Amino acid sequence: MPLTPPSDLNPRTDPPLDFTDREFGDLAPADYDVLGFLGGLEVHQQLDTKSKLFCRCPAGRYTGRYDAEVLRHMRPTLSELGEYDGTALMEFKTKKEIIYRLNRRNVCTYEIDDTPPFEIDMEAVEIAIEHALLLDLDLVSELHVMRKQYLDGSIPTGFQRTAMIGLGGVIPFKVPELGIDRELTIRQLSLEEDSCREVSDVGHRIVFNTDRLGMPLSEAVTEPELLTPLEMRAAGQLLARVARAMGKVRRGAGAGRQDVNVSIAGGRRVEIKGVPHHLGLPQLVHVEAFRQLNLLRIRATLHERRVTRDMLAVPDDGLPWDVSNLVADVTQENAVHGIRVAVQVMEPDDVIAAVRLPGFGGLLNHRTQPGLDFSHEISERVRVIACPVGRPFMVHSDQDGADGVVRWKDIRESVGAETGDAVVVLWMPRQDAATAAREVLARAQDALVGVPAETRQAHHDGTNGFERILPGADRMYPDTDTPPLPIDKDVVERISANLPERPWDREQRYEAVGLSATEARWVVRASWGDVFDALLGSATGIERRLAYVVGLRVPVNLRRAADGRWSMADGQWPIASLRLSKRCATDSFASKRWRV
Ligand SMILES: [Zn+2]
């Protein structure tokens, strides 16, 4: 049963297996074309509202302390179609205790699902409409709140309330330094509630802070039409500029987050979550492209060796070492002499399990990402799903130096391994070891598909790790707690009449008065853009030039401070930047009177 629709597959099915792996920066756009690289973005932006989206708790009031804790367990239920969702099953397998920390100043009974939703926050709806209009989307005539499955525990209900605002927009996508001059298709914009902030995740216990839960977010989704890592970054920056043009979005750490979707020829859309800034994005997606290529190489080798899914299957019932000859409990034989590293970290009732992977010999150390090999794909699945606490918890027969650690001859015999087979050895509590052994075989089965449908997590070094199985296509269903909300025409007209200038229109205006395309974009992004605008009214060409140069020279720390919240329209400066800017900003510079 495929978990995801075929549209998740890259349209090209011919992976360029002979293509040499290269570092980011060594590839030209034509090379990404050979790879069949396709990328798309989902940009989440917190909206700057007073209240949360479906209750009247204050938005943006973050707290470290808490007044109460709530404990929850996730349990999968059959969908209306009589099927279990793959993600739901995976989350259930992790047997997590989920702890929510509540602070009375920012959480009510809605967030923890003890009260139905209040009416949707109209301030958020209006900002989202404005955002959709800026992206040239066709607005929906009625808001219908939907439930999107969210099973990692970060939302206590197990779903996120989300409402489609607009669909099918096209915006200019011009990046002269990358030779881009075309349009970017925006698939949709939704208004949705934010999830909890994770405090810790150790073993079978995950702790969340609920202060952020329920805050309104807009989610803008592009079509997968970005063709290189640098194009993806440029598109992310463009979408950020559009959101900021409204002046009604939150700024700072965590206020804007993006998920990136990447695939290459023969691969499948893989979603990398929580990319915090644009800087590391190109490296991250480049690495993912080659991870997919290497998984496809592994698949090709397995096909040559005639490995099949059935060869890796374990019956569902019972402990895997009781029901399959691919798995053995080798605790007794090896506790003393065999696995020294395991013995050092083992608890008294831990089990050592050996798992045979037929035909995988030599493939577990096949490179996947810089510094990582295929065994990392396996250990990550085990870490996330079986939740072992000890480190390390696994060795394998392809590992360098593993011979000195494990008495492989005995272990190989215990699972009947032949030359050409690989063996993975795990140690952890009995139930976890059973889950882990099954997961090792499940990941090996996925290797026959090539690129499994997963969401992955961005790491700081540009690599990525397993997060969860990608949810099924039918993860959205109507919310029965909220009535449809017709969008008032007058409201739309009022918002349309007061739309801020779109970034590309502003850039054009600056180019018309003599700035280069790059300079124009720089002013649009700069916190002192308003000052430049104010000068434009009366200044001569030389004065404008001067304003631009002076703008560039404003000390970096002032600009950073002003980035926090600066609205010249209000004549207000944040205290911090006022303090920093004493030398640069005279009274007249900071007041409305200064405006020309
Ligand atoms: Zn609330």
Side-chain angles (χ1 to χ4, degrees), residues 44-74 91 96-131 143-165 189-201 206-219 248-257 274 475-485:
H44 301 93
Q45 178 64 59
Q46 287 184 341
L47 307 182
D48 194 1
T49 58
K50 286 184 220 50
S51 306
K52 292 187 177 180
L53 191 55
F54 287 106
C55 65
R56 299 295 87 92
C57 291
R61 188 182 288 173
Y62 294 124
T63 44
R65 285 200 300 219
Y66 55 98
D67 305 310
E69 283 186 326
V70 172
L71 166 67
R72 292 266 163 99
H73 293 279
M74 286 279 173
E91 296 295 347
K96 289 264 191 203
E97 274 187 10
I98 306 167
I99 311 272
Y100 297 104
R101 291 185 174 169
L102 316 172
N103 185 307
R104 68 179 87 240
R105 294 170 65 213
N106 49 37
V107 178
C108 65
T109 46
Y110 165 69
E111 283 94 330
I112 49 165
D113 201 23
D114 273 354
T115 309
F118 297 70
E119 276 177 23
I120 194 166
D121 181 64
M122 283 312 292
E123 191 187 8
V125 172
E126 291 198 10
I127 299 174
I129 290 174
E130 181 174 332
H131 197 175
L143 281 196
H144 290 261
V145 178
M146 303 288 284
R147 296 176 175 185
K148 197 195 286 183
Q149 274 194 12
Y150 233 82
L151 299 163
D152 59 355
S154 67
I155 301 187
T157 47
F159 58 81
Q160 177 188 46
R161 289 198 164 86
T162 173
M164 175 82 74
I165 301 286
L189 183 113
S190 311
L191 174 61
E192 52 189 40
E193 40 184 8
D194 210 339
S195 56
C196 289
R197 290 193 295 146
E198 187 183 304
V199 177
S200 62
D201 182 4
I206 187 163
V207 180
F208 288 110
N209 189 327
T210 50
D211 50 9
R212 194 180 72 182
L213 179 63
M215 281 172 61
L217 290 178
S218 65
E219 185 205 43
K248 294 166 189 163
V249 296
R250 292 186 186 271
R251 305 286 293 269
R257 305 186 294 275
R475 63 192 283 235
M476 290 259 261
Y477 50 104
D479 181 35
T480 43
D481 291 325
T482 43
L485 175 77

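We count ligands from 1, going down the list as the structure has it; atoms in each ligand are counted the same way. Worth saying up front: this structure is predicted, and the values here are computed from it rather than measured. Side chains are part of it too, since the values below use all heavy atoms of this structure and drop only hydrogens, waters and symmetry mates.
Taking Arg197 as the reference, Asp211 meet the salt bridge (charged side-chain N to carboxylate O under 4.0 Å, His left out) condition, with sequence neighbours excluded. Not a single side-chain hydrogen bond (donor to acceptor under 3.5 Å, both in side chains) links Asn209 to another residue, sequence neighbours left out.
For the Zn ion (ligand 1), the set of protein N/O/S atoms nearer than 2.8 Å consists of Cys55 SG, Cys57 SG, Cys108 SG, Glu111 OE1, Glu111 OE2, ordered by chain and number.
When the options Asp194, Asp113, Asp479 are evaluated for a salt bridge (charged side-chain N to carboxylate O under 4.0 Å, His left out) with Arg161, the one that passes is Asp479.
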Quiz item: When you look at Phe54 and Asp481, which way does the side chain to side chain contact (heavy atoms under 4.5 Å, CB included) test go after all the steps?
Solution: CA-CA 11 Å; Phe54 287 106; Asp481 291 325; over 6 Å; no

In a table with atom names and distances, give each donor-acceptor pair under 3.5 Å that connects a side chain of residues 114-124 to protein atoms at least two apart or in another chain.
| from | atom 1 | to | atom 2 | distance (Å) |
| --- | --- | --- | --- | --- |
| Thr115 | OG1 | Thr109 | OG1 | 2.3 |
| Asp121 | OD2 | Ala124 | N | 3.1 |
| Glu123 | OE1 | Lys50 | N | 3.0 |

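By the 4.0 Å N-to-carboxylate-O rule, Asp48 lies too far from Lys248 to be salt-bridged with it.
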